[in-house]
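Below is one structure; the comments refer to it alone.
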Amino acid sequence: MDIKLNGQTALVTGSTEGIGFAIARELGEAGASVVVNGRNQAKLDRALSKLEKEVPAGVFRGVAADLATPSGAESLKEQLPEVDILVNNVGIFEQKDFFAIEDEAWDAMFQINVMSGVRLSRYYLPKMLQNNRGRILFISSETAVQTPPDMIHYGFSKTAQLAVARGLAELTKGTQVTVNSVLPGPTRTEGVEQFVARMATDQGVTPKSMEEKIFQEYRPSSLIQRFAEPREVAYLVTFLASPLAASTNGASLRAEGGILRSLY
C-alpha cells in the first residue's frame with residue numbers, strides 16, 4: 001500500500017528510542033522527511049545513525065530540545081517553523097504509590113506529557129489550518145481510560161491528552177486537517193524493559209517470569225497476553241498520518257492488545 005507521505009515533513013517528539021523511534025522509522029520508510037527529537041545530543045546522534053542504517057533511502061534530521069520547558073519548545077520552533085505531521089510522543093511514566101507522589105512529580109508529569117504537546121500544537125495547528133492540510137497525533141495510553149492505582153499521576157496526564165486532542169479536532173471542522181490520539185498498551189520499549197527488570201529484582205523473580213505475572217495479575221484482560229512491539233504501534237500512527245486516513249478525525253484509536261473491554 002502506498003501511504004502517500006512523499007514530500008511530507010514529520011516531527012516526532014521524544015523519538016530517540018522506544019515507540020517514538022519506531023514511529024520515526026516507519027514514517028521515514030513511508031517517504032516522509034522526519035525530524036527526530038530528544039533532549040540529549042549524543043543520544044540523538046546515535047538514533048539518527050541507527051535510522052540511516054535501517055532506512056538508507058530515508059531522510060532524517062535531528063533537533064535537540066527539552067520540550068518540557070517553554071524555552072525548549074521555542075528553540076525547536078525556531079529551527080522548524082512548519083511541519084505537515086506532528087506526533088506528540090514525548091513522555092515519561094512512573095509507578096508510585098498515590099500517597100507518596102509529591103507536587104513536583106505531578107507537575108513534571110503534566111509539563112512533559114501534556115504541555116509539550118499543547119505548546120507545539122498551539123504553534124503548528126494554525127499553520128496547518130491556513131494550508132488546509134496536516135496531521136496532529138497524540139500518543140496517549142490505555143491508562144488514560146483505565147488508570148491503575150499505582151500510576152494515577154501518569155493516567156491523569158494521558159487522559160488530559162485525550163481531552164486536548166479532541167478539543168483541537170473540533171477546531172479543524174471543514175478542513176483537511178485531522179487531530180487524533182493513539183492508545184498503546186504495554187509495549188516492549190527500552191524504558192519498559194528496565195521497569196520490568198527492576199520489578200523482577202524487587203520481587204526476586206526472573207524478568208521473563210515478571211512479564212508473565214504482569215499479564216496474569218496487572219493486565220489480565222489483555223487479549224494478546226504479551227508486550228506489543230513498538231513497530232506495531234508505529235504502523236497505526238503512520239496510517240493515521242497519511243492522506244488515506246482523511247475521514248478519521250477526533251478519534252482515540254487503540255493499540256493496546258485488547259486490554260480495554262469497553263466498546264467505546
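Quick note: residue numbers are just sequence positions, from 1. Everything numeric in this text was worked out from a predicted model, so none of it was measured.
Side-chain contact between R254 and V145 is absent, with no heavy atoms from C-beta onward closer than 4.5 Å. Within the 4.5 Å cutoff, no side-chain heavy atoms of S116 are placed close to those of N88. For the pair V192 and F93, the minimum side-chain heavy-atom distance is below 4.5 Å. Contact annotation: the side chain of K208 approaches that of E212 to within less than 4.5 Å [non-hydrogen atoms, C-beta and beyond]. Inter-residue side-chain proximity for V12 and V36 is flagged as unmet; no heavy-atom pair is nearer than 4.5 Å. Side-chain contact between M128 and V83 is present, with at least one heavy-atom pair separated by less than 4.5 Å.
Sorted by first and then second residue, the salt bridge (Lys or Arg N to Asp or Glu O under 4.0 Å) pairs with a member in residues 213-235 read E142-R219, R188-E229, R226-E232; sequence neighbours excluded. Within the structure, every pair that satisfies the salt bridge (Lys or Arg N to Asp or Glu O under 4.0 Å) test and touches residues 108-134, not counting sequence neighbours, is listed here: D84-R133. Under the salt bridge (Lys or Arg N to Asp or Glu O under 4.0 Å) criterion, no residue pair touches residues 238-250, with sequence neighbours excluded. Residues in residues 165-178 take part in these salt bridge (Lys or Arg N to Asp or Glu O under 4.0 Å) pairs, two or more places apart or across chains: R166-E170.
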Name the atoms and distances for all side-chain donor-acceptor pairs under 3.5 Å in residues 25-33, with sequence neighbours left out.
{"from": "R25", "atom 1": "NE", "to": "E54", "atom 2": "OE1", "distance (Å)": "2.8"}

N/O donor to acceptor pairs below 3.5 angstrom from side-chain atoms of residues 97-105, sequence neighbours left out:
{"from": "D97", "atom 1": "OD2", "to": "F99", "atom 2": "N", "distance (Å)": "3.0"}

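No donor-acceptor pair under 3.5 Å is formed between the side chain of S75 and the backbone N or O of S71. Remark: the backbone N or O of I259 is paired with a side-chain donor or acceptor of S221 at under 3.5 angstrom. Using a distance-only test at 3.5 Å, with no hydrogens or angles considered, a donor-acceptor pair links the side chain of T159 to the main chain of A144. When atom types are taken as modelled, the side chain of Q111 and the backbone of A108 share no donor-acceptor pair closer than 3.5 angstrom. In this structure, the side chain of N180 does not engage the main chain of L240 through any donor-acceptor pair within 3.5 Å.
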| task | With side-chain contact (heavy atoms from CB on, under 4.5 Å) as the test, would you mind laying out the steps for L76 and L11 before giving the verdict? | result | CA-CA 10 Å; L76 186 147; L11 166 62; 3.6 Å; yes
| field | V35 and Q79: CA distance, side-chain angles, deciding distance, side-chain contact (heavy atoms from CB on, under 4.5 Å) verdict | value | CA-CA 11 Å; V35 179; Q79 299 176 69; over 6 Å; no
| message | Between I85 and L5, is the side-chain contact (heavy atoms from CB on, under 4.5 Å) condition met? List the steps. | response | CA-CA 10 Å; I85 301 163; L5 291 182; 3.9 Å; yes
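Looking at T172 and N249, their side chains do bring a donor and an acceptor atom within 3.5 Å of each other. Looking at Q161 and S157, their side chains never bring a donor and an acceptor atom within 3.5 Å of each other. In this structure, a donor-acceptor pair under 3.5 Å is present between the side chains of Q95 and D150.
Taking hydrophobic clusters as Ile, Leu, Val, Met, Phe, Trp and Tyr residues chained together by side-chain heavy-atom distances below 4.5 Å, M109 does not share a cluster with L183. Side-chain heavy atoms closer than 4.5 Å link hydrophobic residues (I, L, V, M, F, W, Y) into clusters, and following such links, even through other members, never connects L137 to M115. L162 and L260 fall within the same hydrophobic cluster, where Ile, Leu, Val, Met, Phe, Trp and Tyr residues are linked whenever their side-chain heavy atoms come under 4.5 Å apart, directly or through other members. Placement of V182 and Y124 in two distinct hydrophobic clusters is found when ILVMFWY residues are connected by side-chain heavy-atom separations under 4.5 Å, directly or transitively. A continuous path of ILVMFWY side-chain contacts below 4.5 Å connects I23 to F60, so both sit in one hydrophobic cluster.
The number of heavy-atom neighbours closer than 6.0 Å to NZ of K96, taken from other residues, nucleotides and ligands shown, is above 12.
Partners of D45 according to the side chain to side chain donor-acceptor pair (under 3.5 Å) rule, which considers only residues two or more places apart in sequence or in another chain, are Q41. With sequence neighbours excluded, the residues satisfying side chain to side chain contact (heavy atoms under 4.5 Å, CB included) with F239 are S242, L244, A245. For F110, the ring pair (Phe, Tyr, Trp, His ring centres under 6.0 Å) criterion is met by no residue, not counting sequence neighbours. With sequence neighbours excluded, no residue satisfies salt bridge (charged side-chain N to carboxylate O under 4.0 Å, His left out) with E94. E256 meets the side chain to side chain donor-acceptor pair (under 3.5 Å) test with no other residue; sequence neighbours excluded. Taking the ring pair (Phe, Tyr, Trp, His ring centres under 6.0 Å) definition, one finds that F215 meets it with F227, sequence neighbours left out.
Distance check, rounded to the nearest 0.5 Å: CG of L48 to NZ of K53 gives 12.0 Å. Atom CH2 of W106 and atom CD1 of I152 lie 6.5 Å apart (nearest 0.5 Å). Residue I136 holds its CD1 atom at 4.5 Å from CG of L125, rounded to the nearest 0.5 Å.
Here the closest non-hydrogen pair linking Y154 and N113 is CD1-ND2, 3.8 Å. Nearest heavy atom pair, residue T16 against residue F21, reads O-CD1, 3.8 Å. Between S140 and P184 the shortest heavy-atom distance is O-CD, 3.2 Å. The nearest pair of heavy atoms linking R135 to P243 is NH2-CA, 3.6 Å. The minimum heavy-atom distance between S121 and G117, with the atom names listed, is OG-O, 2.7 Å.
Test V87, T13, D66 against N37 for side-chain contact (heavy atoms from CB on, under 4.5 Å) and you get one pass: T13.
In summary, E74 and K77 engage in a salt bridge, as defined by a charged side-chain N under 4.0 Å from a carboxylate O.
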